Each structure stands twice: as C-alpha cells, then as structure tokens.
Amino acid sequence: GDSFGVITSLFSGLAFVGIILTILLQRDELQLQRKELAFTREELKGQKLQLEAQNTTLKRQNFENTFFQLLRLHNEITNSIECRDGSLHLEGSKCFKFFFSQFSTIYRNATSVQGEEYKINIAYDTFFENYQNELSRYFRNLYAIVKFIENNEDENIALYVNLIRVQLTD
C-alpha cells in the first residue's frame, strides 16, 4: 500500500477537487432553479390576473344575459296585458293610456280632507283594486328587474335602469 501512496494521495486530492466542483455546480444549478421559480411566479401572477379578468367578464355576461331575459319577459308581459271596458278592447302597451285615463278619473273624483298625499293614495288603492289582475305581474316583474340590478356588483347601475326606462310607455 505504501508503494501507491503517491497515487492514493493524488486520487484523494482529485476526489476532494471533485467534491468542490460538485458543490459549485449544485450552487449554480440552485441559482438557475431560483431564477426559474421567480419567472414561474411572475407567469402565475399574470395568469391569475387573466383569470380574474375572465371571471369578471363571465360575471358581467351572466348578469347581462339574465337582465336581457328579464327585459324580454317584461315585454312579453306588457304585450299580454288586455283591458276591456264595455265595447272597448285594448291589448299591450295601448292599455296604459286607458289605465292613465282611468286613474285620472278616479283621482279627480276622490275627495279628501286630509290632504293631497292621502287623496293620491286613495285614488291609487281604488285604481289598483280595479286593475290588479292586469297590472300585478307587470309591476312585480318590474320590481324584480330593479332589485336584480340593485344587487349586482356592477357600477353601471344607471345604464341598466335607463334600459328599463326605455321599455316603459309615456
């Protein structure tokens, strides 16, 4: 064993140098992995932002789809309204002129000593009692649409309320 002492020392030195090279290579590899992880984190942040934007868009599309379905239902309800008074037979939005004239007549004939607001309430109660069957679905649906808009997280509430207003008759 002593005759190979120089060679053993040489191999031991080479092994030590190999260990140091391995440690240096691993350090470089770990630095590359850290950089790759940083790039991956940045990419994931970008994907997260894209998913949030897609989620927002999907929520808005779902809201608008439901909103326009409710508007379509509102138009169907409006078109299905019928009013009859003697020989007069009206359908759809034409009934609202008739309803207005009936309410005006009831209001003019109402008397109240308690004031104008009380007179309006009495006239409305009498009017709605007479035409509740024709108007209750209309008003409930209109209320449901407004509540649907109000419960939405969108900041464009005025836009959607204006779209409802467009559907109303004069």
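Quick caveat: nothing in here was measured; it's all calculated off a predicted structure.
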**Request:** Measure the OG1-CZ distance between Thr22 and Arg27 for me, rounded to the nearest 0.5 Å.
**Result:** 13.0 Å
**Item:** ring pair (Phe, Tyr, Trp, His ring centres under 6.0 Å) partners of Phe100, counting only residues at least two apart
**Value:** none
**Prompt:** Which value, rounded to the nearest 0.5 Å, describes the distance between Glu129 atom CD and Ile106 atom CD1?
**Reply:** 9.5 Å
**Fill in**
One should read off an interatomic distance between Leu37 CG and Leu32 CG, to the nearest 0.5 angstrom, of 11.0 Å
**Request:** Report yes or no: do Asn75 and Arg72 form a side-chain donor-acceptor pair below 3.5 Å?
**Result:** no
**Prompt:** With sequence neighbours excluded, what pairs up with Phe139 under the ring pair (Phe, Tyr, Trp, His ring centres under 6.0 Å) test?
**Reply:** none
**Request:** Fit a plane to each ring of Tyr131 and Phe127, take the angle between them on a 0 to 90° scale, and name the class: parallel (under 30°), tilted (30 to 60°) or perpendicular (over 60°).
**Result:** tilted
**Prompt:** Is there side-chain contact between Thr78 and Arg137, with heavy atoms separated by less than 4.5 Å?
**Reply:** no
**Item:** Pair Phe99-Ile81, side-chain contact (heavy atoms from CB on, under 4.5 Å): steps then yes or no
**Value:** CA-CA 11 Å; Phe99 291 144; Ile81 293 176; 4.0 Å; yes
**Fill in**
side-chain hydrogen bond (donor to acceptor under 3.5 Å, both in side chains) pairs touching residues 31-45, sequence neighbours excluded, are none
**Message:** Can you confirm whether Leu142 sits close enough to Ile77 that some side-chain heavy atom of one is under 4.5 Å from a side-chain heavy atom of the other?
**Reply:** no
**Ile145/Leu73 under side-chain contact (heavy atoms from CB on, under 4.5 Å): CA gap, chis, key distance, verdict** = CA-CA 10 Å; Ile145 295 172; Leu73 177 63; over 6 Å; no
**Message:** For a 4.5 angstrom cut-off between non-hydrogen side-chain atoms, does Gln54 reach Leu58?
**Reply:** no
**Message:** Are Leu135 and Leu88 linked, directly or through intermediate hydrophobic residues, by side-chain heavy-atom contacts shorter than 4.5 Å (ILVMFWY only)?
**Reply:** yes
**Request:** Please state whether the rings of Tyr138 and His74 are parallel, tilted or perpendicular, taking 30° and 60° as the class boundaries.
**Result:** tilted
**Item:** Lys119 with Glu117: basic N within carboxylate O range, under 4.0 Å
**Value:** no
**Prompt:** Does CD in Gln47 sit with more than 12 non-hydrogen atoms of other residues, nucleotides or ligands closer than 6.0 Å?
**Reply:** yes
**Prompt:** If we only count heavy atoms from C-beta on, is the Ile157 to Asn152 side-chain gap below 4.5 Å?
**Reply:** no
**Prompt:** How far does OG of Ser80 sit from CD of Glu134, to the nearest 0.5 angstrom?
**Reply:** 10.5 Å
**Asked** For the atom pair CG (Leu14) and OG (Ser9), what is the distance rounded to the nearest 0.5 Å?
**Response** 11.0 Å
**Asked** How far apart are the closest heavy atoms of Phe98 and Cys83, and which atoms are they?
**Response** CD2-SG, 3.7 Å
**Request:** Run the numbers on His89 and Glu91 for side-chain hydrogen bond (donor to acceptor under 3.5 Å, both in side chains), then give the verdict.
**Result:** CA-CA 7 Å; His89 176 80; Glu91 294 179 352; 3.2 Å; yes
**Request:** State whether the side chain of Asn109 and the backbone N or O of Thr105 hold a donor-acceptor pair below 3.5 Å, judged by distance alone.
**Result:** yes
**Message:** Looking only at the aromatic ring of each residue, does the gap between the centers of Phe148 and Phe63 stay below 6.0 angstrom?
**Reply:** yes
**Request:** Would you check, one step at a time, whether the test side-chain contact (heavy atoms from CB on, under 4.5 Å) holds for Arg108 with Ser104?
**Result:** CA-CA 6 Å; Arg108 280 192 302 275; Ser104 297; 3.5 Å; yes
**Item:** Residues, nucleotides or ligands: over 12 heavy atoms within 6.0 Å of Phe68 CZ
**Value:** yes
**Prompt:** Within a reach of under 6.0 Å around CZ of Phe11, are more than 12 heavy atoms found that belong to other residues, nucleotides or ligands?
**Reply:** no
**Message:** Can you tell me how far apart CD1 (Ile120) and CD1 (Ile122) are? Round to the nearest 0.5 Å.
**Reply:** 11.5 Å
**Prompt:** What's the verdict on side-chain contact (heavy atoms from CB on, under 4.5 Å) for Gln102 and Thr126, showing C-alpha distance, side-chain angles and the deciding distance?
**Reply:** CA-CA 10 Å; Gln102 293 300 308; Thr126 305; over 6 Å; no
**Request:** Measure the shortest side-chain to side-chain distance between Leu163 and Phe67 over non-hydrogen atoms and say whether it is less than 4.5 angstrom.
**Result:** yes
**Message:** In this structure, would Val166 and Phe96 fall into the same cluster of hydrophobic residues linked by side-chain contacts under 4.5 Å?
**Reply:** no
**Request:** Indicate yes or no for a side-chain donor-acceptor contact from Asn151 to the backbone of Lys147 under 3.5 Å, with no hydrogens or angles considered.
**Result:** yes
**Request:** Over all heavy atoms of both residues, which pair between Ile164 and Val146 is shortest? Give the atoms and the distance, please.
**Result:** CD1-CG2, 4.1 Å
**Message:** Would you say that Leu44 contacts Lys48 through its side chain, given a criterion of any heavy-atom pair below 4.5 Å between the two side chains?
**Reply:** no
